[in-house]
Amino acid sequence: MKDVSPTALVDLSMDLARSLHNDDRFERLLDAVRKCIACDAIVLLVCDHDTLRPLAQQGLHSDVLGRRFLIDHHPRFHAMMEQGTPISFPADSSLPDPYDGLVLGHNGELPIHACLGIPLIRNQRILGVLTLDSLTAGAFEALSRYTLDVIGTCAGATLDTALTMAQLERQSLQQQQMVSELNQHTLQRTGTELIGQSAVMRSLKREISLVAISPYNVLIEGETGVGKERVAALLHQESPRVDTPLVYVNCAALPENLIESELFGHKKGAFTGADQNRTGKFRLADGGTLFLDEIGEIPLAAQSKLLRALQEQEIQPVGQDATETVDVRVIAATNRDLAKEVEAGRFRSDLYHRLSVYPIHIPPLREREGDVALLAGFFAEQLRHRLGLEQIILSPDVSLTLAQYDWPGNVRELEHVISRAALRARAREASLKIKITPADLEHLTLRVSEAPTQTPQEPDGHLAIQGGLRQATEVFQRLYIYQTLQEADGNWSEAARRLEVDRANLTRLAKRLGIQVKRRVVKEAK
């Protein structure tokens, strides 16, 4: 490769300037850089404290955008951040590549290749890095330091402007000024970031940003395992109360005879066993946020006193005559339908309306199209660090299986499945001493097998076909698919092999023909 011409660098600057107002500004940044420098893979990562988070990528598996790279655990990233100037790694570098096994078309360890890292600096601060990989060794050797500095400066300015614009867009959505740096960092902290780019998740993030800055009580509704506690933490950390306590209460774990004491406190001698004063959760959360998880489990007898605390912002510890004033914002969560609980007389209507000033519904994982891959990548990177592995990759069969499963346990179930698969994969590969640990289908503790719920009856001797050729063809396809599924014991993968078609195409064809399918979970053999 020759060095980039001055004309190409001018074109790069103009392309980046034109992309500032587009929603796909990061993708356009990568396109513009690739016009100047040919490469097989390129990634834009933003720096978040000690972590690099991918914003856009080309040439790698889609789950890369869900991964978070701890800088100190990846020697090449550490070298880029430490040096602070463009760095090209020699083809024979012994430093492990963070993208091993993630480059499209190369599922194993990367062969000898060229790797280039460009820190993106603005106002003497590294905002992120731009990484380029080429399967052609020495592909970047002819690039001059001047060229790399220009590209880094232009890309850094673009990233800086893009991040600033994103910040202003959030402020406009939230209807008031917020401390921008605090909001940006808390949104990205481990444990509060919501991984997902589906339409329903984008809508959820907008709802969270809108209500977080208000003083309103929030009721978080959703199935078990969708991440209600994480949303509650995010609401608190994006609120003006971020520097005050967030107190967690699991209402389902409170003994009925001790609920008042746990919530409001008690005085010494108030009841048998009260041998000292106790501060209740409302007092501990004074000035901050109280998160009441599983609020639907609170018995009716205690609901009236909880309602008083919400209405009057007053509490009365057990055994004390005087009341105390508190300033508490309540966030409640439940996997029940509280409106139906009210109708059934199991939950107070006035308490329900006091809690649900602003209800937020977290969608189940099965409704979050495309998010499973990102979450799987996120969990895989976390496990890579916890288990001391250099890399964990998910095989195509695993990705397909995960995408097709209904996830009744939602995100929590996905995390557990990936964790178990990683442990099994590590156990199998430990003796091979390889750098990349592949998680294959055999490592999952579930398998999705599909069987038709509505299928045509077996023909009695002949086909009774009416209509034209197309209808007759569909009748034959429907019966032939049914017969093959029967022979394969309902295993769609085996049926696809026998029919000599792609499994995903077979599923789509079956659905078009009216062969509805259901998924059942079958435990894998140990």
Side-chain angles (χ1 to χ4, degrees), residues 24 26-27 29-31 33-34 39-46 51-70 73-74 76-77 96-111 113-117 128-136 193 195-198 201 365 368-385 387 389-405 407 411 414-415 417-419 421-422 425-426 429 434-444 448 502-504:
D24 61 346
F26 296 138
E27 287 291 335
L29 187 154
L30 299 188
D31 290 338
V33 173
R34 294 187 83 175
C39 60
D40 293 291
I42 182 170
V43 185
L44 172 66
L45 305 101
V46 65
T51 303
L52 287 174
R53 176 170 60 90
L55 295 177
Q57 65 87 15
Q58 295 177 5
L60 302 179
H61 290 290
S62 60
D63 66 34
V64 169
L65 294 181
R67 296 180 181 248
R68 301 297 179 261
F69 300 97
L70 287 172
H73 295 160
H74 291 282
R76 296 201 185 201
F77 284 141
D97 193 304
Y99 305 138
D100 270 350
L102 300 177
V103 177
L104 293 177
H106 291 271
N107 293 327
E109 184 176 351
L110 284 175
H113 67 290
C115 178
L116 175 65
V129 296
L130 192 65
T131 65
L132 298 88
D133 288 273
S134 174
L135 298 180
T136 302
E193 182 184 4
I195 304 295
Q197 297 179 350
S198 60
M201 286 303 291
L365 186 54
R368 296 170 53 179
E369 184 176 358
D371 284 351
V372 171
L374 302 189
L375 288 163
F378 176 77
F379 294 136
E381 184 61 24
Q382 283 190 326
L383 289 164
R384 184 203 64 76
H385 170 54
L387 300 178
L389 301 174
E390 292 200 31
Q391 185 64 279
I392 297 177
I393 62 172
L394 306 178
S395 71
D397 283 345
V398 166
S399 298
L400 178 62
T401 300
L402 298 181
Q404 291 182 333
Y405 183 47
W407 298 110
V411 178
L414 173 60
E415 180 180 8
V417 166
I418 297 296
S419 298
R426 182 183 67 168
E429 303 296 343
I434 62 174
K435 294 182 178 180
I436 299 174
T437 302
D440 297 320
L441 194 59
E442 65 188 52
H443 300 129
L444 295 185
V448 179
D502 180 75
R503 182 183 183 283

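Values below: every heavy atom of this structure, side chains too, minus hydrogens, waters and symmetry copies. Each residue takes its place number in the sequence, starting with 1.
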Rounded to the nearest 0.5 Å, how far does CZ of F26 lie from CG of L44? 6.5 Å
Heavy-atom check, side chain of F379 versus side chain of V417, under 4.5 Å: no
Measuring from atom CG of L45 to atom OG1 of T51, what distance do you get when rounded to the nearest 0.5 angstrom? 11.0 Å
Do R67 and L102 come within less than 4.5 Å of each other through their side chains, counting heavy atoms only? yes
Test item: L29 and L130 side chains (from C-beta on) under 4.5 Å apart, heavy atoms: yes
Kindly determine whether D133 and V103 satisfy side-chain contact (heavy atoms from CB on, under 4.5 Å), including the steps that lead there. CA-CA 9 Å; D133 288 273; V103 177; 5.7 Å; no
Scanning both residues in full, the closest heavy-atom pair of R76 with C115 reads NH1-CB, 3.3 Å
Is there side-chain contact between R384 and H73, with heavy atoms separated by less than 4.5 Å? yes
All heavy atoms of R68 vs all of P54, minimum pair found to be NH1-CD, 4.0 Å
Euclidean distance, T131 OG1 relative to L116 CG, rounded to 0.5 Å: 8.5 Å
Do H113 and D40 pair up side chain to side chain, a donor and an acceptor below 3.5 Å, judged on atom types alone? no
How far apart are the closest heavy atoms of A422 and I392, and which atoms are they? CB-CD1, 4.1 Å
From Q58 atom CD to L30 atom CG, the distance as rounded to the nearest 0.5 Å: 5.0 Å
What's the shortest heavy-atom distance between S419 and L383, and which atoms? CA-CD1, 3.5 Å
With sequence neighbours left out, what residues match E415 under salt bridge (Lys or Arg N to Asp or Glu O under 4.0 Å)? none
Salt bridge (Lys or Arg N to Asp or Glu O under 4.0 Å) with R368: which residues, sequence neighbours excluded? D371
Is there side-chain contact between L375 and I418, with heavy atoms separated by less than 4.5 Å? no
Verify, without hydrogens or angle tests, whether R34 (side chain) and C39 (backbone) share a donor-acceptor contact under 3.5 angstrom. yes
How many angstroms lie between atom NE2 of H61 and atom CD1 of I393, to the nearest 0.5 angstrom? 7.0 Å
Got Y405 and V372 here, is their nearest side-chain heavy-atom distance under 4.5 Å? no
Tell me, do I195 and V411 make a side-chain contact under 4.5 Å, heavy atoms counted? no
Can you tell if the side chain of Q391 reaches within under 4.5 Å of the side chain of E381, non-hydrogen atoms only? yes
Using ring-ring contact (aromatic ring centres under 6.0 Å, His included) as the criterion, list what pairs up with H74, not counting sequence neighbours. F69, F77
In Å, rounded to the nearest 0.5 Å, how long is the span from CD of Q382 to CG of L387? 11.0 Å
